[in-house]
Asks: 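Sharing a structure here in structure tokens format.
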Amino acid sequence: MKKGIKVVTIGGGSSYTPEFVEGLIKRYDELPVSELWLVDIEAGREKLNIVGNLAKRMVDRAGLPMEIHLTMDRREALSGADFVTTQMRVGQLKARIQDERLPIKYGMIGQETNGAGGLFKGMRTIPVLLQISEEMKELCPDAWLINFTNPAGLVTEAMLRYGPHQKVVGVCNLPINMRMTLARLLDVELERLHIDFAGLNHMVYGLDVKVDGESVLDEVLNIMCDPDRQVSMQNIAPLPWEPEFIRSLGVVPCPYHRYFYKMSDILEKQLEEFKMGTTRAEVVQQLENELFDLYKDESLAVKPPQLEERGGAYYSDAACNLISSVYNDRGDIQTLNVRNDGTISSLPRESAVEVNCVVTKAGPKPITVGELPVSVSGLVQQIKSFERVAAEASVTGSYEKALLAMTINPLVTSDVKAKQLLDEMLEVHKEYLPQFSERLTHN
Ligand code: G6P
Ligand code: MN
């Protein structure tokens with residue numbers, strides 16, 4: 001007989017973990033988690049211990065009977081799990097620094113989830129996630145895998161196409177952040193505001209925005225053009241949108257769309273920062289050092305507010321709401337990365353899409369969207385092609401597929417440099433790209 005809910009978090013030593021623990025504590029009445037297993041690898045041992053001890057203090061302070069287990073033994077943790085969340089960073093922040101610096105060196109945008117950086121983060125991550133997918137099939141076949149690891153769209157694509165364990169959902173904090181920001185700017189309670197989200201991860205659009213069921217899309221499009229009321233995230237420069245552009249787009253872009261529609265402005269900013277030696281990855285490294293210093297303090301037993309300076313703020317609301325709605329068979333609407341299954345008619349059935357879903361104990365069921373507006377459908381198709389080729393490159397270790405993925409990505413702006421950048425990044429990251437080892441050692 002089972003005692004209660006067993007949750008496993010892979011990449012448990014992440015600086016974000018206190019936010020997840022806080023989310024579980026807040027929801028304990030509706031979601032009685034009896035065991036939380038924080039799993040990490042040898043290289044993350046110190047971080048796991050620091051953050052794990054803080055998690056224990058948080059649970060003690062809340063007076064809850066939630067056991068916190070810290071382990072390097074993933075199989076032991078996975079065995080009999082009910083929910084598994086993945087939030088690891090293969091190669092740690094050191095690898096992200098390369099993902100963000102190298103493209104800039106070649107005059108292209110450096111970003112951990114888009115362009116060349118996103119491709120490499122995906123290629124490092126996908127083989128590990130597929131291994132986890134296999135272990136889950138064996139050790140906890142009924143558990144849901146809730147993935148936060150970026151690039152969440154690309155890795156969900158790979159897990160749906162190539163993983164044996166199909167109970168997979170990709171989660172991002174961006175939809176919930178957009179809702180919270182727009183609710184604040186419109187001055188309405190969050191529950192009254194609904195957004196019809198559709199697209200891909202970090203490439204999602206609000207096709208309509210409603211307050212109490214009435215469309216307020218016009219007003220929201222106005223807000224999007226107001227330089228004083230920008231909808232963005234901590235990690236993305238809040239560059240204002242041009243009114244004519246937003247009007248003709250006719251839907252609400254997400255903060256990440258700036259990388260595509262404002263490529264030159266963003267690149268210019270990144271080049272300036274690069275000269276001063278501060279990519280976002282380096283800012284995050286600094287922030288993380290400060291956070292871990294705070295976490296070490298034995299008298300700290302709550303999530304410190306500094307964590308909200310990270311782009312992933314409120315991610316735990318997205319994760320915990322999903323877990324709770326599955327557990328409680330709630331039937332509410334959440335924006336998630338799931339198998340398309342005809343929801344967006346112009347995309348393959350087996351591909352991952354980010355759409356609104358009804359969440360019950362059977363898992364998320366996507367709500368039909370139909371065709372995307374012509375203003376956005378082309379870019380979405382192009383990114384989906386990139387994700388499919390990138391997923392194949394990640395699984396097969398094919399140099400040709402990796403070069404193709406690189407070249408068809410709109411943020412990789414030069415075909416000649418694409419190859420040079422690919423070669424340099426393959427070399428720099430080779431420790432984490434075993435699928436390419438043959439080519440790399442024979443070169
Ligand atoms: C956003 C994205 C996350 C991403 C984060 C990066 O919130 O939705 O997927 O991880 O930004 O934030 P960071 O503080 O690491 O730059
Ligand atoms: Mn995200």
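Ligands are counted one by one from 1 in listed order, and the atoms in each one are counted from 1 as well.
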Asks: At less than 4.0 angstrom from any non-hydrogen atom of G311, what atoms of ligand 1 do you find?
Replies: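 Counting from 1, the qualifying ligand atoms are 1 (C), 5 (C), 7 (O), 11 (O), 12 (O), 13 (P), 14 (O).
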
Asks: Hey, does E309 sit under 4.0 Å from ligand 1 if you only count heavy atoms?
Replies: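 No, E309 has no heavy atoms under 4.0 Å from ligand 1.
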
Asks: State whether the side chain of N356 and the backbone N or O of I195 hold a donor-acceptor pair below 3.5 Å, judged by distance alone.
Replies: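 Answer holds: yes.
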
Asks: Under 4.0 Å from a heavy atom of G312: give me the atoms of ligand 1 that qualify, with their elements.
Replies: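 What qualifies from ligand 1 is 5 (C), 7 (O), 12 (O).
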
Asks: Considering heavy atoms of the protein only, find what lies nearest to atom 2 (C) of ligand 1 and give residue, atom and distance to 0.1 Å.
Replies: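 Residue, atom and distance for the closest contact: Y256 OH, 3.3 Å.
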
Asks: Between E350 (side chain only) and N340 (backbone N and O only), is there a donor and an acceptor less than 3.5 Å apart?
Replies: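 No; judged by distance alone, with no hydrogens or angles, the pair does not exist.
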
Asks: Less than 6.0 angstrom separating the ring centers of H429 and F436, yes or no?
Replies: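 No, the ring of H429 stays outside the 6.0 Å limit from the ring of F436, centre to centre.
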
Asks: For ligand 1, which part of Q234 has a heavy atom less than 4.0 Å away: the side chain, the backbone, both, or neither?
Replies: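 None of Q234 does.
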
Asks: Between Y261 and F245, does the ring centre distance come in under 6.0 Å?
Replies: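 Y261 vs F245: aromatic centres under 6.0 Å.
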
Asks: Taking 4.0 angstrom as the limit and counting only heavy atoms of Y16, give me the atoms of ligand 1 inside it, by number and element.
Replies: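 Close to Y16: 12 (O), 14 (O), 15 (O).
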
Asks: Enumerate the atoms of ligand 1 whose separation from the nearest heavy atom of E112 is less than 4.0 angstrom.
Replies: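 Near E112, the atoms of ligand 1 are 6 (C), 10 (O).
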
Asks: Should you measure from each heavy atom of V284, which atoms of ligand 1 turn up under 4.0 Å away?
Replies: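 Ligand 1 atoms under the 4.0 Å threshold to V284: 13 (P), 14 (O), 15 (O), 16 (O).
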
Asks: Quick one: closest heavy-atom pair of M123 and A402, and the distance?
Replies: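 Smallest interatomic distance, heavy atoms only, reads SD-CB, 4.3 Å.
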
Asks: Tell me, which protein residue and heavy-atom name are nearest atom 16 (O) of ligand 1, and how many Å apart are they?
Replies: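 So the nearest neighbour among protein heavy atoms is R280 NE, 2.7 Å.
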
Asks: Does atom CD (E290) have a neighbourhood of more than 12 heavy atoms from anything else shown, all under 6.0 Å?
Replies: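 Yes, the 6.0 Å shell around CD holds more than 12 heavy atoms from other groups.
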
Asks: Only heavy atoms count here, so choose which of L93, N235, N173, N201 is nearest to atom 8 (O) of ligand 1.
Replies: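 Checking each option, the heavy atom nearest atom 8 (O) of ligand 1 is found in N173.
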
Asks: Look only at the side chain of R184 and the backbone of M180, and say whether a donor-acceptor pair between them is shorter than 3.5 Å.
Replies: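 It does not hold such a pair.
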
Asks: Check step by step if salt bridge (charged side-chain N to carboxylate O under 4.0 Å, His left out) holds for E273 and R280.
Replies: CA-CA 9 Å; E273 288 162 3; R280 175 70 189 166; over 6 Å; no

Asks: With atoms numbered from 1 as shown, which atoms in ligand 1 lie under 4.0 angstrom from a non-hydrogen atom of C172?
Replies: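 Listed by number with element: 8 (O).
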
Asks: Taking atom 10 (O) of ligand 1 as the point of reference, which of T149, T113, N150 owns the nearest heavy atom?
Replies: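 Selected option, by shortest heavy-atom distance: N150.
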
Asks: Can you tell which part of R96 has a heavy atom less than 4.0 Å from ligand 1: side chain, backbone, both or neither?
Replies: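 Side chain only; the backbone of R96 stays clear of ligand 1.
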
Asks: Just checking E30: does its CD atom have more than 12 heavy atoms from other residues, nucleotides or ligands closer to it than 6.0 angstrom?
Replies: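 Enclosed.
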
